[in-house]
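Take a look at the structure set out below.
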Amino acid sequence: MEIPSKYNPADVEDKWYQYWTAHGLFHSEPDGREPYTVVIPPPNVTGVLHMGHMLNNTIQDILTRRARMLGKNACWVPGTDHASIATEAKVVAKLRSDGISKANLTREQFLEHAWDWTRNYGGVILTQLKKLGASCDWQRTCFTMDEARSQSVIMVFIDLYNKGLIYRGKRMVNWDPAALTALSDEEVFYREEQSKLYYLRYRIEGEEQYVTIATTRPETILGDTAVAVNPNDPRFTHLKGKKVIVPLVNRPVPIIMDDYVEMEFGTGCLKVTPAHDENDYEIGLRHNLEIIDIFNDNGTMNADATMFIGDDRFDVRKKIIPELERAGSLVKIEDYTNKVGYSERTNTVIEPRLSTQWFLKMTELAKPALENVMNDNITFYPARFKNIYRHWMENIRDWCISRQLWWGHRIPVYYLPDGRFVLAQTREEAMTLAREQMPDITDAQLRQDDDVLDTWFSSWLWPISVFDGIRFPDNDDIKYYYPTNDLVTAPDIIFFWVARMIITGYEYRHNYPFKNVYFTGIVRDELGRKMSKQLGNSPDPLELIAKYGADGVRVGMLLCSPVGGDLRYNDSLPQQGAGFATKIWNAFRLVKGWQVDATLPQPEHSRLAIEWFRHKFGAILEQTNVHFEKFRISDALMGVYIAVKDEFSGWLLEIVKPEYQHPIDGKTYSEVIGIFDSLLRMMHPFMPFVTEEIWQLLDERADGQSIMTATWPTARCCDEALLAQFDDAREAVSGIRNVRTKYNIANKDKLQLFVLQGDKGYAPDYGSIICKLGNLSALTRVEKEIPDAATFLVKSTTFFVPTGNFIDAEEELEKLRKELAYTQGFLKSVMGKLNNERFTANAPEAVVTVERAKKADAENRIRSLEEQIRALVKD
RNA sequence: GGGCGCUUAGCUCAGUCGGUUCAGAGCGGCUGCCUUACAAGCAGCGGGUCGGCGGUUCGAAUCCGUCAGCGCCCACCA
């Protein structure tokens, strides 16, 4: 078999991905095994893969692949989200670029375009995930707007309505004047801005007195229906019962007293515009104020404004100032910093607006969801997100679930001509129900609600709906796969998605939707900026995969991503990952290149090294398993990285490697192959492709066999003492190498080594290994020190390497004296503790014993150093 | 305004129960090697008063207080 000298990921990755899918290795069906379930956070159907997806899905794949190897029935369900508002915005933009206006289309025509778009671009992202190696069960791919998911959403809406949790009401909502839809509170983000605070005076009716108010939004005075002051404010008690005249429109409005007004802010007088501010609305309700809505839904002024009709709100803000000045109402303008709400989607300023929407009462629903996170029935990694979650859940507000869009699940409410309505799964059903109330109703008279549901109203069902557990609560899939095990997601959707899935989990399955939630960090660029399309600072994941291989990119992403911590990405990371793949490949080439001679006996050093490695591997594997349990995936990877790069390649292979063009004994060979196999299995979840390629070449494999379904290695308990002794041997080897470096002794020149054994620091058993790696001609134990030799120390054992004439006595002497001084100082500090009665009296016995041992060691060392110095000085 | 978190080597980060596995890892840097698997390599070496200051303790990166800087979440001061 010809093994390529270079590993080229592009040559093998697609091949194995096809192999895995062709043999159905990602597919899961319920069986007798323990299930392991992950549902993907469904990316937007029209999205493309970005670095955040790469990180997130790499972690999910690692967890899934490992679970599969642990013998669990692993099922990772993929899918996409219809992303109502985002997709609709994209389709609108696309139509506009084709010269088509949404306003000129019927709902049906528009949806036709949207579905076309979805069919054309939808799922691209799933193809991209395949490049990454994602072992999703593609047969189970779901879409939040496919038939089963849509029906589930409608059923849940009807159910919650019937439970009295969904209601329709006219409320102050966040209005997006660009998308022309209401938004939930979570879809609004606040940005600090430099703006102006305008001081305006209102004349008191029938007097030549004025009150001055302060506002950041002078254009809204056109909708003012009161001026409010604090009832406890002595400055304004005389105004009680009077009216003021709103400037420009000359409308008399009452002066009202309300606790809401802060006496310290501005002038202590507040203009009240109930239609365009949530607090003003509340005040309006308390005082039964008139509500004048002055805006059209796109943010322009309507007829009720009486002025600037048709102008945009921000233009009006500029235009109204000179008008106010002319009217003598402008007192002053101050610079002011405040926070302005923006639509997360369209990036336009949100307009608080009174409108009729559908809401979901959250308080009761949230209770079990809060409790079961706080008591760790659902465990958050890292735990600090519990606090954030708790705060939100404890202050949860009703959820505005209706959107004035077309792309989404249409609200299943059907209105009769008289305003009554029925809820139904289908139009036919609705007709039947409607006839019960109005026997002669015609189909044309029954009108379905025009609005669609918030996207998250479908994704909050995801862990249930992908197994069709809403429609068929007793089906085999949902019973087997639910609850799922781990959810891997970004913290920015903790409220949008995670919290709400937990709510539906308890509401519809009486159990949590997932046991663990792993929050990834945010991928940033080298400057610490969030990667974003606008900044153009995000590399194209597919280009990275093409350049470094999927394995390289996966490893690169993980090497620096602590749980919940942000990661700074740069190209050296996948480079390192790709380098690691190459390292593994080269180790494989070495092993596979050996000639095997079955008649050769196994050398002592090989036998010892393999025994040692088994223990080392066990220790690392155990540690890796612990890391996995704590979701410390980066640490788990680092363990594997060290195991392969340092322990296996750097030490084991160097020891067992036969001399050039010499054959290796059969026993060592087969044992090394076995070890390699274990290492590959341990690496596989991180680097699925290169491990599969090598695993297939390492031994004869039947068609359909895959490392994917091989078993995760098991750790034998390891002998700590043995590992410690081997470390001493390694230190001795390092000591010899140091001597070589220091005295410029070539590697091929054999050296002699003498050992003056102390009570620690030398394991005679490993002499054969020291000989091999140190390239020694002899290793001799002695009873006293060897003159004219370089020395080094491992614990209390001294090693001597005769170096002939290479020694520089002066330099050596200086070094010894330096060490002597250091050790004496150390001894002094130890003695300080031991002579301190409070220490010996209060510290635990074990600690005192340790200090005593330190003292003895230091004294020994000082004696030894003094002798060496004497010997040198004598010369 | 409230809450949470962070600050350890040039960079990214570990550091559990306060004490010999406490000052660590990877990357980078420096030096020397093209030593026959691998220069995507090997060998070796530096590098941090653990953000500042106090306190508790026989003993503090670790516990407490405080100050500074950074980040995140939430919140109706116009």
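In the text below, chain A, chain B and the rest are named by the order of the sequence lines, each starting its count at 1.
In this structure, the nucleotide among A37(B), A78(B), G26(B) sitting nearest to the side chain of Q576(A) is G26(B). Considering only side-chain atoms of Y641(A), the nucleotide from C76(B), A37(B), G26(B) that sits closest is G26(B). Which of A37(B), C76(B), C27(B) sits closest to the side chain of R397(A) comes down to C76(B).
A9(B) and C22(B): their C1' atoms are spaced 15 Å apart (whole Å). Nucleotides G71(B) and C34(B), compared at atom P, are 49 Å apart to the nearest Å. Only the P atoms considered, C27(B) is 9 Å distant from G41(B), to the nearest whole Å.
For E647(A) and G26(B), the CD to C1' distance is 14 Å, given to the nearest whole Å. Protein atom CD1 of I396(A) is 13 Å distant from nucleotide atom P of C74(B), rounded to whole Å. In this structure, CZ of F495(A) is placed 5 Å from P of C74(B), rounded to the nearest angstrom. Rounded to an integer number of Å, the gap from L637(A) CG to A25(B) C1' is 13 Å. For the pair D280(A) CG and C76(B) P, the computed distance is 14 Å after rounding to whole Å.
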Please list each protein N or O that sits under 3.5 Å from an N or O in nucleotides 3-14 of chain B, with the distance.
residue : atom : partner : partner atom : Å
C13(B)  : OP1  : D566(A) : O            : 3.1
A14(B)  : O3'  : R632(A) : NH2          : 2.9

Atom pairs under 3.5 Å: protein N/O with N/O of nucleotides 42-44 of chain B:
residue : atom : partner : partner atom : Å
C42(B)  : OP1  : K583(A) : NZ           : 2.8
G44(B)  : OP1  : S734(A) : OG           : 3.1
G44(B)  : O3'  : N738(A) : OD1          : 2.9

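A distance of 9.0 Å separates CE in M172(A) from CG in N279(A), rounded to the nearest 0.5 Å.
For A37(B), one of the phosphate oxygens OP1 or OP2 lies less than 4.0 angstrom from a side-chain nitrogen or oxygen of K657(A).
Across all strands shown, Y336(A) has heavy atoms under 4.0 Å from sugar-phosphate atoms exclusively, and none from any base.
Annotated stems with RNA chain B as a participant read B:1-7 with B:68-74, B:10-13 with B:24-27, B:29-33 with B:41-45, B:51-55 with B:63-67, given as range with range, by first number; only runs of 3 or more Watson-Crick or G-U pairs under 3.5 Å qualify.
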